[in-house]
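Encoded as structure tokens, the structure appears first; notes follow it.
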Amino acid sequence: MPEDTLTITDNRTGKTYTAPIKDGAIRAMDLRPIKTSEDDFGLMSYDPAFMNTASCISRITFIDGDLGILRYRGYPIDQLAEKCSFLEVAYLILHGELPTAAQLSSFEAEVKQHSMVPEFIKRVLDAMSPEAHPMGMLATCLAALATYYPESRNVLDAGNRWLQTVRLIAKVPTLGAYAYRRKNELPYVGPDNDLTYAGNFMNMLWKMTEAKYQPHPDLEWALNVLFILHADHEQNCSANAMRSVSSSQADPYASAAAAVAALWGPLHGGANEEVLKMLDQIGSMENIPAFIEKVKKREVMLMGFGHRIYKNYDPRARIIKAAADKVFAVTGRNPKLEIAIELERIALSDDFFISRKLYPNVDFYSGIIYQALGFKPDIFTVLFAIPRMTGWLAQWRELITDKEQKIARPRQLFLGYGHRDVPASR
Ligand code: SDX
């Protein structure tokens with residue numbers, strides 16, 4: 001018997017089956033021959049929420065949730081955050097290798113060339129109320145771009161895929177900044193190609209009457225770090241949405257709009273907005289113990305805590321916490337930080353959280369920096385979506401070129417009614 005196999009005995013029939021084990025997994029389709037009779041459909045695995053099911057082979061992002069390790073294409077997240085620009089990391093995520101100086105400058109030039117958005121996008125935004133949620137604005141604009149670039153549907157053409165990849169990475173900060181300006185009822189400011197990816201985003205957000213916007217170097221540094229930390233995170237809910245929608249060969253703008261919708265939810269990227277609302281509700285240090293008691297009674301959740309994969313400190317949360325000091329030196333300290341640090345201290349010493357391995361995730365501290373930078377909470381998830389576009393596109397490109405992938409179509413266990421006839425009286 002080869003060593004890398006699994007032997008399964010079906011106690012219903014007494015029959016034994018052997019399934020190969022490769023890369024730590026068996027193929028779910030190897031369960032199908034396990035039948036009680038010829039007309040039996042065959043055994044399936046039941047895994048709501050994909051708790052133990054790999055849906056793809058990927059070579060982009062590695063997480064060891066027990067050790068709190070995150071790597072893009074093998075490079076540790078802390079090294080990338082310390083040494084690289086966002087576009088260097090985007091290139092790495094997309095191509096698998098860090099760019100040479102020439103490759104980087106050509107990629108930067110491509111992104112700059114595509115950073116403007118068509119004029120009709122302003123009319124789309126103007127049609128929405130300034131009260132509208134900016135994630136709704138972003139999803140709408142992305143879907144609208146699908147109508148503007150109909151050739152993007154040609155997803156099987158590699159050249160076309162690259163063009164749409166660059167366009168989406170280039171345009172998403174512009175769309176995010178336009179959503180911000182719409183909400184604040186300010187005139188839209190277009191891209192400035194003299195600036196970095198993060199610096200130009202700041203320009204489109206905050207330029208007023210000055211002839212040339214100069215980003216504060218420490219704030220630009222912080223935004224660059226935040227962008228790198230959010231760029232990809234393997235098969236999270238929105239990456240899975242991107243893959244699932246684009247498995248039907250939908251165009252990448254429509255698929256990215258779906259990914260934005262997935263990210264918006266409060267259990268995923270929307271948590272950064274919820275963390276700030278939670279800190280506001282707690283209000284002051286003396287209310288923290290009562291709040292923790294409410295969490296333990298399951299009346300409320302400790303937003304920004306817990307993760308499907310990390311059963312240790314999210315390494316991104318650690319880097320964000322450290323970056324906060326540099327931001328606060330410029331903007332002034334956000335008083336919410338004290339509340340967050342005390343919440344973390346209590347949570348990490350309380351058995352409710354220890355036994356469930358609940359640690360701060362990426363969303364716990366990011367909002368505190370965003371708020372110090374002058375953002376209102378409802379735009380926070382847009383700030384997550386902008387860098388995550390790179391990850392979604394890398395996941396899409398991997399999916400499209402993976403010969404094993406097909407349209408995503410889960411099975412179900414049907415437990416509803418069997419056949420029944422509509423009553424004759426109808
Ligand atoms: C992101 O997947 C990714 O990679 C996502 C992300 C990315 O970069 O793409 O990292 C970004 O989405 C971060 C997560 C942001 N969400 C939140 O901060 C919302 C609060 N967190 C939880 O809702 C929750 O922890 C999840 C959604 C993040 C993970 O959910 P799981 O894996 O389904 O775990 P679970 O809900 O089954 O929780 C396990 C236990 C439960 O207790 P028991 O029923 O076993 O007794 O832990 C408890 C939960 O009740 N629990 C919490 C809690 N999170 C989990 N209890 C209180 N507060 C919490 N935050």
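For ligands, and for the atoms within them, numbers begin at 1 and follow the listed sequence. Values reported hereafter were calculated over all heavy atoms of this structure, with side chains retained and with hydrogens, waters and symmetry mates removed.
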Worksheet item: Should you measure from each heavy atom of Gly304, which atoms of ligand 1 turn up under 4.0 Å away?
Response: 17 (C), 18 (O)
Item to complete: May I ask you to list the atoms of ligand 1 that are less than 4.0 angstrom from any heavy atom of Asn236?
Response: 2 (O), 3 (C), 4 (O), 5 (C), 9 (O)
Worksheet item: Any chance the rings of Phe305 and Tyr359 have centres within less than 6.0 Å?
Response: no
Worksheet item: Does Arg388 reach ligand 1, in the sense of a heavy atom lying below 4.0 Å from it?
Response: yes
Fill in: Stacked cation flag Arg318 on Tyr313, 6.0 angstrom / 45 deg
yes
Worksheet item: Which residue and non-hydrogen atom of the protein lie closest to atom 58 (N) of ligand 1, and at what distance in Å?
Response: Leu302 N, 3.1 Å
Discussion item. Could you identify the single nearest non-hydrogen protein atom to atom 27 (C) of ligand 1 and state the distance to 0.1 Å?
Written reply: Leu267 O, 3.8 Å
Fill in: Close approach, Glu274 and ligand 1, non-hydrogen under 4.0 angstrom
no
Item to complete: Tell me which part of Val275 gets within contact of ligand 1: side chain, backbone, both or neither, using heavy atoms under 4.0 Å.
Response: neither
Worksheet item: Do any nitrogen or oxygen atoms of Lys311 lie less than 3.5 angstrom from nitrogen or oxygen atoms of ligand 1?
Response: no
Worksheet item: Does atom CD of Glu97 have more than 12 heavy-atom neighbours from other groups under 6.0 Å away?
Response: no
Worksheet item: Taking atom 54 (N) of ligand 1 as the point of reference, which of Leu358, Asp314, Leu70 owns the nearest heavy atom?
Response: Leu358
Discussion item. For the CE atom on Met285, are there more than 12 heavy atoms of other groups (residues, nucleotides or ligands in this structure) within a distance under 6.0 Å?
Written reply: yes
Fill in: Shortest protein heavy-atom distance from atom 6 (C) of ligand 1, along with the residue and atom involved
His307 NE2, 3.6 Å
Item to complete: Determine whether Arg181 and Met204 make a side-chain contact, defined as any pair of heavy atoms from C-beta on separated by less than 4.5 Å.
Response: no
Fill in: Nearest non-hydrogen protein atom, atom 23 (O) of ligand 1
Met301 CE, 3.1 Å
Worksheet item: If you count the atoms of ligand 1 from 1 in the order shown, which ones are under 4.0 Å from a heavy atom of Val295?
Response: 57 (C)
Discussion item. Tell me the contacting part of His268 for ligand 1: side chain, backbone, both, or neither, using a 4.0 Å heavy-atom threshold, strictly below.
Written reply: both
Worksheet item: Of the protein's non-hydrogen atoms, which lies at the shortest distance from atom 19 (C) of ligand 1, and what is that distance?
Response: Met303 CE, 3.6 Å
Discussion item. Under 4.0 Å from atom 2 (O) of ligand 1, can you find at least one protein heavy atom?
Written reply: yes
Discussion item. Under a 4.0 angstrom heavy-atom cut-off, which atoms of ligand 1 come close to Gly306?
Written reply: 25 (O), 28 (C)
Compile the donor-acceptor pairs under 3.5 Å between side chains in residues 294-302 and protein atoms, sequence neighbours left out, one pair per line.
unit_1, atom_1, unit_2, atom_2, d
Lys296, NZ, Asp350, OD1, 3.4
Lys296, NZ, Asp350, OD2, 2.7

Worksheet entry | Min N/O separation Phe353 to ligand 1 under 3.5 Å | no
Discussion item. Test of understanding: given a 4.0 Å heavy-atom threshold, classify the contact between Phe384 and ligand 1 as side chain, backbone, both, or neither.
Written reply: side chain
Fill in: Rounded distance (nearest 0.5 Å) linking atom CD of Glu234 with atom CD1 of Ile63
4.0 Å
Discussion item. Tell me whether Arg167 forms a cation-pi arrangement with Tyr149, defined as NZ or CZ under 6.0 Å from the six-membered ring centre and within 45 degrees of its axis.
Written reply: yes
Worksheet item: Would the number of heavy atoms belonging to other residues, nucleotides or ligands and lying under 6.0 Å from CG of Asn52 be above 12?
Response: no
Fill in: Positive for ring pair (Phe, Tyr, Trp, His ring centres under 6.0 Å) with His233, one of Tyr72, Trp392, Tyr310, Phe384
Tyr310
Practice prompt. Could you list the atoms of ligand 1 found under 4.0 angstrom from a heavy atom of Ala271?
Written response: 15 (C), 16 (N), 17 (C), 18 (O)
Response to the item:
Short version for His230: what comes under 4.0 Å of ligand 1, heavy atoms counted, is neither
Worksheet item: Backbone, side chain, both or neither: what part of Asn361 comes under 4.0 angstrom of ligand 1, heavy atoms only?
Response: side chain
Worksheet item: Any N or O of Phe305 that comes nearer than 3.5 Å to an N or O of ligand 1?
Response: yes
Practice prompt. Assess the pair His216 and Trp221: is the distance between their ring centroids shorter than 6.0 Å?
Written response: no
Worksheet item: Are the side chain of Lys183 and the backbone of Ala132 linked by a donor-acceptor contact shorter than 3.5 Å?
Response: yes
Fill in: Heavy atoms of other groups near Tyr46 OH, more than 12 under 6.0 Å
no
Worksheet entry | Minimum side-chain heavy-atom gap Glu404-Ile57 below 4.5 Å | yes
Item to complete: Just say parallel, tilted or perpendicular for the rings of Tyr370 and Phe380, cut-offs at 30° and 60°.
Response: tilted
Discussion item. Only heavy atoms of Arg298, strictly under 4.0 Å: list the atoms of ligand 1 that pass.
Written reply: 42 (O), 43 (P), 44 (O), 46 (O), 50 (O)
Fill in: Where Gln405 and Arg243 come nearest, the two heavy atoms and their spacing
NE2-NH1, 4.3 Å
Item to complete: Would you sort out whether Gln249 and Arg153 count as a side chain to side chain contact (heavy atoms under 4.5 Å, CB included), showing the intermediate values?
Response: CA-CA 7 Å; Gln249 297 185 357; Arg153 273 175 246 157; over 6 Å; no
Worksheet item: Does the protein put a heavy atom under 4.0 Å from atom 21 (N) of ligand 1?
Response: yes
Worksheet item: Distance below 4.0 Å between atom 38 (O) of ligand 1 and any protein heavy atom?
Response: no
Worksheet item: Which of the listed options, Arg308, Glu234, Met278, Arg356, holds the heavy atom that is closest to atom 32 (O) of ligand 1?
Response: Arg308
Discussion item. Give me the nearest non-hydrogen protein atom to atom 4 (O) of ligand 1 as residue plus atom name, then the distance to 0.1 Å.
Written reply: His233 ND1, 2.6 Å
Fill in: Under-4.0 Å heavy-atom contact between protein and atom 46 (O) of ligand 1
yes
Fill in: Asp363: numbered ligand 1 atoms lying under 4.0 Å from its heavy atoms
1 (C), 13 (C), 15 (C)
